[in-house]
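What follows is a single structure, written as structure tokens, with notes after it.
Residue numbers start from 1 in every chain, and the chains themselves are labelled A, B, ... in the order their sequence lines are given, proteins ahead of strands. Every heavy atom of this structure was used, including side-chain atoms; hydrogens, water molecules and symmetry mates were not.
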Number of protein chains: 2
Amino acid sequence: MFSIGALSDRTGVKIPTIRYYEEMGLMPEPERTAGNQRRYTQAGLDRLGFIKHARDLGFTIEAIRALIDLNDRPDHSCATANAIATAQLDDVRAKIARLQRLETELVRIATHCDGKGRASDCYVLTSLADHGLCETAH
Amino acid sequence: MFSIGALSDRTGVKIPTIRYYEEMGLMPEPERTAGNQRRYTQAGLDRLGFIKHARDLGFTIEAIRALIDLNDRPDHSCATANAIATAQLDDVRAKIARLQRLETELVRIATHCDGKGRASDCYVLTSLADHGLCETAH
DNA sequence: TCTTGAACCTCTAGTTACTAGAGACGTTAG
DNA sequence: CTAACGTCTCTAGTAACTAGAGGTTCAAGA
């Protein structure tokens with residue numbers, strides 16, 4: 001049996017976050033000691049690892065809840081799991097594309113300004129004031 | 001003079017968001033009509049455009065506040081503006097790098113699962129449960 | 001067995017950048 | 001003048017935690 005602190009140490013998930021996951025229904029309510037402290041089994045540790053990994057990959061709590069439900073019903077089709085993962089991949093790719101456009105603009109803005117001039121001539125400030133100077137949409 | 005709705009239409013910033021920017025000190029408190037409605041000048045419109053553009057580029061409210069302060073003091077050095085823009089660029093690049101690592105993992109996870117099997121054999125679920133299958137750190 | 005200090009408990013509130021809604025009042029075109 | 005739409009303030013909600021207060025329990029050493 002593991003205390004909440006032991007779970008935290010093993011997974012790198014902070015203690016309040018573990019309690020938060022419990023409240024959100026991602027972690028099952030564990031047994032308690034006579035003094036009301038949480039005691040987890042190996043299954044609890046495994047589940048927290050699953051959640052941590054999914055969060056690191058950017059899945060939302062909602063998506064993780066759905067994945068856990070599937071995990072708990074082994075005879076169910078995995079079509080939903082595949083759909084969730086694919087949606088997450090699409091989302092990540094969209095974010096990358098957007099950030100790359102921002103990167104282009106920021107490079108343009110930052111390289112025109114060496115930080116030595118005065119604010120009135122600053123290209124950073126001019127550029128923010130005038131969207132027409134931008135090369136890409138954002 | 002522009003009403004808040006006119007500002008919203010011209011910039012694409014929603015009305016409650018404009019009021020929120022005012023509360024955060026990014027937008028100056030505009031004049032009011034006898035009936036207490038906000039009336040903006042061209043300067044107000046320009047400032048909202050500046051804020052919108054900066055937000056679109058991912059600058060935080062905090063950073064925008066600093067940029068606006070600089071914009072209002074034209075004889076000040078633009079070193080701070082340059083530092084803020086460069087920090088934002090670094091941040092964007094770090095996010096891209098991280099998302100690209102996630103993309104790699106998600107492709108691996110999603111392509112191993114065609115969505116037709118059962119949950120017990122689902123690679124999406126197996127993979128989330130076992131971080132050791134991952135190729136990159138995240 | 002007692003003590004002490006670390007770990008744990010619940011609860012509330014704060015974070016970022018908004019968004020939604022209620023209920024009341026202002027403005028403007030016909 | 002009135003209808004319809006715009007605007008006002010205020011509160012509360014969103015995601016995914018994080019911080020802190022004030023109190024209780026556990027485990028190890030004397």
Side-chain angles (χ1 to χ4, degrees), chain A residues 1-27 29-40 44 48 50-68 84 87-88 91-92 95 98 102 138, chain B residues 1-27 29-40 44-45 47-48 50-68 84 87-88 91-92 95 98 102 138:
Chain A
M1 300 295 265
F2 308 100
S3 68
I4 197 167
L7 240 68
S8 176
D9 290 344
R10 265 156 242 246
T11 57
V13 177
K14 289 182 188 145
I15 290 173
T17 306
I18 298 172
R19 292 198 274 247
Y20 170 73
Y21 288 158
E22 181 180 322
E23 202 183 352
M24 293 297 102
L26 297 190
M27 287 294 284
E29 287 184 23
E31 286 179 43
R32 302 279 186 140
T33 62
N36 201 34
Q37 298 194 357
R38 292 169 178 82
R39 285 300 115 101
Y40 295 92
L48 187 56
F50 184 103
I51 296 167
K52 170 80 156 67
H53 194 187
R55 283 297 299 135
D56 285 349
L57 287 167
F59 289 92
T60 63
I61 299 285
E62 241 336 88
I64 296 170
R65 208 195 313 277
L67 290 169
I68 284 172
I84 292 170
Q88 178 60 15
D91 189 52
V92 165
K95 281 184 178 141
R98 177 177 147 77
L102 301 193
H138 46 257
Chain B
M1 300 295 264
F2 308 100
S3 69
I4 196 167
L7 241 67
S8 176
D9 289 345
R10 264 157 242 246
T11 58
V13 178
K14 288 182 190 145
I15 291 173
T17 306
I18 298 173
R19 292 198 274 248
Y20 169 74
Y21 289 157
E22 181 180 323
E23 201 184 353
M24 292 299 102
L26 297 191
M27 287 294 284
E29 288 185 21
E31 286 179 42
R32 301 280 185 140
T33 63
N36 201 34
Q37 298 194 356
R38 292 169 178 82
R39 287 298 117 101
Y40 296 91
L45 180 56
R47 168 154 298 185
L48 186 56
F50 183 102
I51 296 168
K52 169 80 157 63
H53 195 188
R55 283 297 298 134
D56 285 348
L57 287 167
F59 289 92
T60 63
I61 300 285
E62 241 338 88
I64 295 170
R65 208 195 315 276
L67 290 169
I68 284 173
I84 291 171
Q88 178 60 16
D91 190 51
V92 165
K95 280 184 178 141
R98 176 178 148 77
L102 300 193
H138 45 257

| request: May I have the distance from A:L26 (atom CG) to D:dA16 (atom C1'), rounded to whole angstrom? | output: 11 Å
| said: Any base atoms under 4.0 Å from A:R38, or only sugar-phosphate, or nothing? Heavy atoms, all strands. | reply: sugar-phosphate
| field | Distance in angstrom units between B:R19 CZ and D:dT9 P, rounded | value | 7 Å
| Protein-nucleotide distance (B:R32, atom CZ; D:dT7, atom P), rounded to Å | 12 Å
| message | Give me the atom names and distance for the closest heavy-atom approach of B:G5 to B:I15. | response | CA-CD1, 3.9 Å
Atom pairs under 3.5 Å, N or O on each side, protein against nucleotides 21-24 of chain D: can you list them with distances?
none

| field | salt bridge (Lys or Arg N to Asp or Glu O under 4.0 Å) partners of A:E29, counting only residues at least two apart | value | none
| task | For A:G5 and for B:A34, find the nucleotide of DNA chain C with the closest heavy atom, then tell me which residue's nucleotide is more 5'. | result | A:G5
| request: Starting from P on D:dG6, measure out to CD1 on B:I18 and report it in whole angstrom. | output: 14 Å
| query | Quick one: A:E23 CD to D:dC17 P, roughly how many Å, whole number? | reply | 13 Å
| message | Give me the atom names and distance for the closest heavy-atom approach of A:G44 to A:L7. | response | O-CD2, 4.4 Å
| message | When you measure from the side-chain N and O atoms of A:R55 to the phosphate of D:dC17, is any distance below 4.0 Å, counting only OP1 and OP2? | response | yes
| query | Counting side-chain heavy atoms from CB outward, which of D:dC17, D:dC26, D:dC8 is closest to A:T33? | reply | D:dC26
| message | So which atom in A:L102 and which in A:H138 form the shortest heavy-atom distance, rounded to 0.1 Å? | response | CD2-CB, 3.7 Å
| field | Heavy-atom closest pair, residues A:I51 and A:I68 | value | CG1-CD1, 4.0 Å
| request: Would you mind classifying the nucleic acid contact of B:F59 as base, sugar-phosphate or nothing, using non-hydrogen atoms under 4.0 angstrom? | output: nothing
| query | Could you state the interatomic distance from CZ (A:R65) to CD1 (A:I84), rounded to the nearest 0.5 Å? | reply | 11.5 Å
| message | Whole angstroms only, please: what is the OH-C1' distance between B:Y20 and D:dA12? | response | 15 Å
| note | Scanning both residues in full, the closest heavy-atom pair of A:R55 with A:I61 reads CD-CD1, 4.2 Å
| task | Find the distance between CE (B:M27) and CG (B:L45) and round it off to the nearest 0.5 Å. | result | 8.0 Å
| query | Between the two end axes of the helix from C:dT1-D:dA30 to C:dG30-D:dC1, each built from 5 base pairs, what angle do you get to the nearest 10°? | reply | 10°
| note | All heavy atoms of B:L26 vs all of B:R47, minimum pair found to be O-CD, 3.0 Å
| field | Residue pairs, two or more places apart or on separate chains, that pass side chain to side chain donor-acceptor pair (under 3.5 Å) and touch residues 17-27 of chain B | value | B:E22-B:R38
| query | What is the distance, rounded to the nearest whole Å, between atom CG of A:N36 and atom C1' of D:dC26? | reply | 13 Å
| Between B:Q37 and B:S3, is there a donor-acceptor pair closer than 3.5 Å when you use the side chain of the first and the backbone of the second? | no
| request: Please list all pairs passing the salt bridge (charged side-chain N to carboxylate O under 4.0 Å, His left out) test where one or both residues lie in residues 4-16 of chain A, with sequence neighbours left out. | output: none
| note | Winner on side-chain proximity to A:R39, out of D:dA27, D:dT9, D:dT7, is D:dA27
| field | Heavy-atom contact window of chain B on DNA chain C, given 5' to 3' at under 4.0 Å | value | C:dA17 to C:dT27
